[in-house]
Amino acid sequence: MGRCLMLLVLLLVPVFAQSTPVRIGSKVFTESVILGELAKATAQQAGVDAVHQRELGGTSVLWKALQQGDIDVYSEYTGTITHELLKNVAPDADIPTLRARLQPLGIGITDSLGFNNTYAVGMLADKAAQRHISRLSDLAAHPELRFGFSNEFIDRVDGWPGIRQRYALPQTQVRGLDHALSYRAVASGAVDAIDLYSTDAEIPYYHLRTLDDDRHYFPRYEAVYLYRLALAQSAPQFVTALQKLAGRIDENTMRQMNAKVKLHGMKEDVVVAAFLGIRADTRADKGLAARLLQTSIEHIKLVMLSLGLAVLLAIPLGILAARLKRLGQVVIGLTGILQTVPSLAMFVFMIPVFGIGTWPAIAALFLYSLLPIVRNTHAGLVGIAPELRESAAAMGLPRGVRLRWIELPLATRSILAGIKTAAVINVGTATLAALIGAGGYGQPILTGIRLDNIGLILEGAIPAAILALLAQGVFEGIERWLTPRGLRLQARQ
Amino acid sequence: MAIAEARRFGFALERASKRYGAVVALNHVDIDFSAGSTTALIGSSGSGKSTVLRLLLGLDYPDEGTVRVDGQPLGPSKVLELRRRVGYVIQEGGLFPHLTLSGNLALLPRYLGWRAQHVQQRAEELAALTHLPLDVLDRYPAELSGGQRQRVALMRALMVDPDALLLDEPLGALDPIVRHELQDELKRIFAQIGKTVIIVTHDLAEAAWFADRLVLMRDGAIVQDGTLQDLLDRPAEPFVTRFVEAQRRLPEVRS
């Protein structure tokens, strides 16, 4: 066990040591990834080495990683900062206020990049022009308009009920729609206005006009970069360049960039290069085989390391549990509780301890692997027929010898079945590890979901399924090989 | 004679009681098994006869009273050493299914550091004693008949030449012909090895076949301790007669 710990430390050292390049994070949606690429290109222009850890899950992952110094920069929205990240701050606090509140945390904030990505109401541009509608308050004069709002927007107090009251809107034809369908509904004329996010890629694609929130009802979601203040010492030129991006991207520009990636299949770095007027660095682009090789190595590494460590701990725990009844129930109960923690939450819980990347993912998968192995080891040992256990004891062999020569061999099948279960669960769960920057088959799946690209989803999903089957097959082989022949004969009778 | 005496030892229970939950398995039992004697414990299931063996082997400890082995009280510190000096055979043999017969036989000798050659030699001796064909030693327990399994269980119990042999219904699971055959062989073996033997059975005829001294138990207590003749002629209480008469004879058939 001590040797394992040492190995763990040795393996971790290089991870902590190579902290020289600036690390940029992004959330798992396109706009965030584009802004991540923008920060990276900006750093490189300023002569600072940078890496982009893309698609790191949601706000909580990025915020924790930034606070802990696992990443140095990511893009955020002021509304999110006031609602979710800081406590006791006015929902409409301005950026200087936020800057003062973030400083004690060691975190800096740029000025607004120039766009506000908030809820908005949109109409076909032609239709809006015909009726001279450009602001939300203009809607009051057109009670015949039909609205199609997402269900969430209809229900939220700060959604439809709120704007209806603020703008005294008279419309009665309001329908709940799935957000994915609402663009098509408004384009086909089935409804006249829909709710949307103001930088959605579909806005230019469907020629929509977003109506001005002239009474400032919706909260402001100004795009900003959050960065670690320590960067001002380690990479001052980068911080300066980052601050210069303020005010350079208006809503329309952001929409166009989102559209190029999401609707036209362009790569984020190419879009960003075009925006900055530089050439994209395409050397890093890889073919399918190279990508598969990389995700496979990452994925298998996650599964094997977590499973290996779990076996080292879970088998002794299972033995202990079988020997000491009361403690056994506690151990099995605790590992059972671990199993009930939702996977994503488990990955996020690991961030404060291990940061982001491979190790927190391995730690989470390790914890998930414990239960099946502990339980099967325990079941295999307590399931040994009492007369066999008694015969072993009556021989006068000490406990340790009985365990090694008799009890563990008799429990082999059950233990291996537990490891097999853990392996198969691990292969599946490890696809979520991409959300905390561990890569693996989850990476193409995340990108595929984000870009609505079935091919990319399959690029992760198919190998993951194959790996699960492979793990199953390999462990069945090991089971056959390790199960003593006498037990197989016995099972046949 | 004095040398032979030193190689054998006796057992005793003094006022021993054992409870399993609400069930009283033994109730203040006093009994002595002298060195070199052969004793049969008889009684119905649940009478406490198996519990006596378990206490003598230190597989359980009495709630009250003392277990004496070779005159010394038995405690946890000496129990492993004691068990190595006592062979134990149970109804289904208790052979380990993951090991071949040789593997089963070699367990204790291997732990005691015997050379493989020595183990093999001893196994062959015992195979001769129990009339087990040598070629089955490489098989697994699952590949044997019930009678062969019991022979191997007996061999395993005798491997390191123990000073005593405790058998708990050793023939209980066998068919009548094999059982009869093994009864003959066991009796011969007991006579040949001259060890302290305690055999548990619920069959009076089998008990009388193996041992002169019969100990009849009921509800965790000893009802009568004596010869078959004592049980027949001088029953200590009506239960003894009932137990004796419960053994079924062949019905009369007209010839």
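Throughout, protein chains are lettered first and strands after them, A, B, ... in sequence-line order, and every chain is numbered starting at 1.
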Quiz item: Atom CG of B:D168 and atom CD of A:E387: how far apart are they, to the nearest 0.5 Å?
Solution: 11.5 Å
Quiz item: When heavy-atom pairs shorter than 4.5 Å are enumerated against chain B, which of A:P484, A:P409, A:A393, A:A385 gives the highest number?
Solution: A:A393
Self-check item: Least distance between heavy atoms, A:W405 atom then B:L107 atom
Solution: CZ3-O, 3.3 Å
Quiz prompt | Heavy atoms of other groups near B:R83 CZ, more than 12 under 6.0 Å | solution = yes
Exercise. Give a yes or no on this: more than 12 heavy atoms of other residues, nucleotides or ligands lie within 6.0 Å of atom CD of A:E476.
Key: yes
Quiz item: What pair of heavy atoms forms the shortest contact from B:I90 to A:S391, and how long is it?
Solution: CD1-OG, 3.6 Å
Quiz item: Non-hydrogen atoms of chain A under 4.5 Å away: do they reach the side chain of B:R156, the backbone, both or neither?
Solution: side chain
Quiz item: Measuring heavy-atom distances to chain A, does B:Y88 have an atom under 4.5 Å in its side chain, in its backbone, in both, or in neither?
Solution: side chain
Exercise. Evaluate whether atom CD of B:Q192 has more than 12 neighbouring non-hydrogen atoms of other residues, nucleotides or ligands under 6.0 angstrom away.
Key: yes
Quiz item: Heavy-atom count around B:L134 CG within 6.0 Å, excluding the residue itself: above 12?
Solution: yes
Quiz item: Counting only heavy atoms not in B:F190, do more than 12 fall under 6.0 Å of its CZ?
Solution: yes
Self-check item: Taking every non-hydrogen atom, the tightest pair across B:L80 and A:L397
Solution: CD2-O, 3.7 Å
Quiz prompt | A:A392 versus chain B, the contacting section by heavy-atom distance below 4.5 Å | solution = both
Practice problem: Identify the heavy atoms of A:A394 and B:L59 that sit nearest to each other, and give their distance. | Solution: N-CD2, 4.0 Å
Practice problem: Locate the shortest heavy-atom distance separating B:Y140 from A:G486; write the atom from each residue and the value. | Solution: CD2-CA, 3.1 Å
Quiz item: In terms of heavy-atom proximity below 4.5 Å to chain B, should A:R402 be classed as side chain, backbone, both, or neither?
Solution: side chain
Exercise. Tell me, with the steps shown, if B:H98 and A:I406 meet side-chain contact (heavy atoms from CB on, under 4.5 Å).
Key: CA-CA 8 Å; B:H98 66 293; A:I406 296 166; 4.2 Å; yes
Quiz item: If you look at every heavy atom in B:N104 and A:M395, which pair is closest and at what distance?
Solution: O-CE, 4.3 Å
